[in-house]
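Scroll down for the structure; my scribbles are underneath it.
Computed from heavy atoms alone, side chains included, the values below leave out hydrogens, waters and symmetry copies. Below, chains carry the letters A, B, ... as their sequence lines are ordered, and counting in each starts from 1. As the structure is a prediction and not an experimental result, all values here were calculated from the model.
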2 protein chains.
Amino acid sequence: MKTNSCDCGTCRHKLCAQRVPIFFGLNEEELSHVADLIQRRQYLKGEIIQLEGSDADCLTIINQGKVKAFRYTQEGKEQILYLFSEGDFFGESNLFGGRKAAYHAEALERTHICMIARNDFQELVRRYPEISVKIIGALCTRLERLETTVQNMGTRSVEARISSVLLEFVEKYGVKNSKGILIALPFSREGMASYIGIARETISRKLTLLQDAGIIEMIGNKKILLLNEEALRRELD
Amino acid sequence: MKTNSCDCGTCRHKLCAQRVPIFFGLNEEELSHVADLIQRRQYLKGEIIQLEGSDADCLTIINQGKVKAFRYTQEGKEQILYLFSEGDFFGESNLFGGRKAAYHAEALERTHICMIARNDFQELVRRYPEISVKIIGALCTRLERLETTVQNMGTRSVEARISSVLLEFVEKYGVKNSKGILIALPFSREGMASYIGIARETISRKLTLLQDAGIIEMIGNKKILLLNEEALRRELD
DNA sequence: TAAAAACTGTGACCGAGATCATAATTTCAT
DNA sequence: ATGAAATTATGATCTCGGTCACAGTTTTTA
């Protein structure tokens, strides 16, 4: 498997810090200061990174891989809240609000993370105030996604919600090829269903319809080829 | 009508800044600096404070009153995203992300707001970095509410969602009296329905059921008396 | 590469909640 | 206080999407 991360002991931490948007704008020296505070860890697919209700007091930044953030209802029904990828972070509400973790976090594939302890991070923010501006920006982006999700769940048909999530994946993970845009799905059908709050069977049926309409082509269970983006956008309403 | 705000020209601005959580922690002098940058405005019930898509480049802080933030779908269906009260703010994504307003904002009653222009605010944040920490805290609170809303919409029955919103109002606007907790509703039935993403008729029916069960008592259209909080909590699931 | 395990598709059925229509109440304005 | 306007309640009906059951595929593993 191809890897694009450096494995020498000294630079890997710096690398991590460099890649993370909230540290953009720091210079070499500052980055290396950040790097000294970072602890790295690796998780395999399916491993739990954070438990809902725990008070892990550190900021967790995803350096490579994908993570789902989710909660269970009392009856055991799962709702996925976020799909985090490279550069995303979580645990900020532990640090800033002093709250317990609001959701479980599980690696969807092999995932490398960087952790910074509460005290170290607070010190960093004090020293480099532009970091907090970056964080505010990231939180605003997150709020916007949730706002749209709430609107979709409250007002839109299941078809529209499915189109919406497919287009989200296209944007994040889509790769153009001669026939269309190939999406490597981050979730199983079950996961997609839980992400938009519907039943697995329903998403199966609707994807079959989209395929019959020539809008998508399902390739195994883990890839979808988008053949007609225009038509998919029309499904949004 | 009783008013608890000072009307002399000099101190009213300072008053406004003092009340707002994101300026807590500033001293007298700093507050008065902030006050100099603030522009006040008043809106009557039903007036639009912000239009979705506009690029009002200022931070808007609610000093008194209530504001609903909402969007329309193409078919004209409304989804309420936030209910803002005293001390809440919006417009931050305009300032920090350079984005257009993500929703309409409308006064639900007579509302006083404070506005700070983008440049002034950026200067403030630079000068008093603890403001940005306060903002991060507020955004985390907002995220948490939206996360719970998404979970409710995705996994919970309409009964549970109604109980949830009633309990939210109890916490925000409830006043204990001898019979129970009196809630002055910020929304009409229509508004409550739009807030949790269901039909107005459905909420009517379910509230009637709750009343028949002796859990609440509806007083006109604008007040609800909660008789049995325990029972209402059980409805959550 | 074959068997096991996990995941997905599909039909049948059902029910919660939407929609429509209309009556009853509440609120507002004069 | 009273009539008009707005809001809410409620019955009838319908439909979308959930649930259950099971067959068919895909993926994993040994």
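Once you apply a 4.0 Å limit to the heavy atoms of chain A, the touched nucleotides of DNA chain D run 5' to 3' over dG17(D) to dT28(D).
A heavy-atom distance below 4.5 Å is found between the side chains of I162(B) and I203(B). Side-chain atoms of S188(A) and N221(A), non-hydrogen and from C-beta on, never get closer than 4.5 Å to each other.
Atom NZ of K206(B) is separated from atom P of dA18(C) by 9 Å (rounded to the nearest Å). Taking atom CD on E201(A) and atom C1' on dG11(C), their separation rounds to 12 Å, with Å as the unit. Following rounding to the nearest Å, I196(B) (CD1) and dA18(C) (C1') show an atom-to-atom distance of 14 Å. With rounding to whole Å, R200(A) atom CZ is found 8 Å from dG9(C) atom C1'. For the pair R161(B) CZ and dA16(C) C1', the computed distance is 11 Å after rounding to whole Å. Protein atom CZ of R205(A) is 11 Å distant from nucleotide atom P of dG9(C), rounded to whole Å. Distance, L210(A) CG to dG9(C) C1': 15 Å, rounded to whole Å.
In this structure, T202(B) does not reach the dA16(C) phosphate: none of its side-chain N or O atoms is under 4.0 Å from OP1 or OP2.
Sorted by first and then second residue, the salt bridge (charged side-chain N to carboxylate O under 4.0 Å, His left out) pairs with a member in residues 141-158 of chain A read E92(A)-R142(A), E144(A)-R99(B), E147(A)-R71(B), R156(A)-D237(A); sequence neighbours excluded. Under the salt bridge (charged side-chain N to carboxylate O under 4.0 Å, His left out) criterion, the residue pairs touching residues 185-197 of chain B are E190(B)-R200(B), with sequence neighbours excluded. Residue pairs satisfying the ring pair (Phe, Tyr, Trp, His ring centres under 6.0 Å) criterion with at least one member in residues 140-178 of chain A, sequence neighbours excluded, are absent. Applying the ring pair (Phe, Tyr, Trp, His ring centres under 6.0 Å) test to pairs two or more places apart or on separate chains, those with a residue in residues 184-231 of chain B are F187(B)-Y195(B). Among residues at least two apart or in separate chains, salt bridge (charged side-chain N to carboxylate O under 4.0 Å, His left out) pairs with a member in residues 205-215 of chain B are E159(B)-K206(B).
For L227(A), the side-chain contact (heavy atoms from CB on, under 4.5 Å) test picks out E217(A), L225(A), with sequence neighbours left out. Residues satisfying the side chain to side chain donor-acceptor pair (under 3.5 Å) criterion with N228(A), sequence neighbours excluded, are absent altogether.
In summary, the side chains of T155(A) and Q79(B) do not present any donor paired with an acceptor at a separation below 3.5 Å, with no hydrogens or angles considered.
Heavy atoms of L207(A) sit nowhere under 4.0 angstrom from any nucleic acid atom. Contacts of E159(B) with the nucleic acid, taken as non-hydrogen atoms under 4.0 Å apart, involve only primed sugar atoms and P, OP1 or OP2. As judged by a 4.0 angstrom heavy-atom cut-off over every strand, M218(B) is placed among residues touching the sugar-phosphate backbone only.
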Kindly indicate, with the supporting measurements, whether the criterion salt bridge (charged side-chain N to carboxylate O under 4.0 Å, His left out) is fulfilled by E109(B) and K45(B). CA-CA 4 Å; E109(B) 57 188 46; K45(B) 178 176 175 175; over 6 Å; no
Intermediate values then yes/no, ring-ring contact (aromatic ring centres under 6.0 Å, His included), Y103(A) and Y82(A): CA-CA 10 Å; Y103(A) 36 74; Y82(A) 300 109; 5.6 Å; yes
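Shown for residues 180-190 of chain A: no residue has heavy atoms falling under 4.0 angstrom of DNA chain D.
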Distance-only check: which donor-acceptor pairs under 3.5 Å involve side-chain atoms of residues 176-184 of chain B, not counting sequence neighbours?
| from | atom 1 | to | atom 2 | distance (Å) |
| --- | --- | --- | --- | --- |
| N177(B) | OD1 | K179(B) | N | 2.8 |
| N177(B) | OD1 | G180(B) | N | 3.0 |

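When the local axes at the two ends of the helix from dT1(C)-dA30(D) to dT30(C)-dA1(D) are compared, using 5 base pairs at each end, they differ in direction by 60° after rounding to 10°.
For K68(B) and E78(B), the salt-bridge test passes: some basic side-chain N is under 4.0 Å from an acidic carboxylate O.
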For nucleotides 25-30 of chain C, just jot down a letter per nucleotide in 5' to 3' order: B, S or -, based on protein non-hydrogen atoms under 4.0 Å. -SSS--
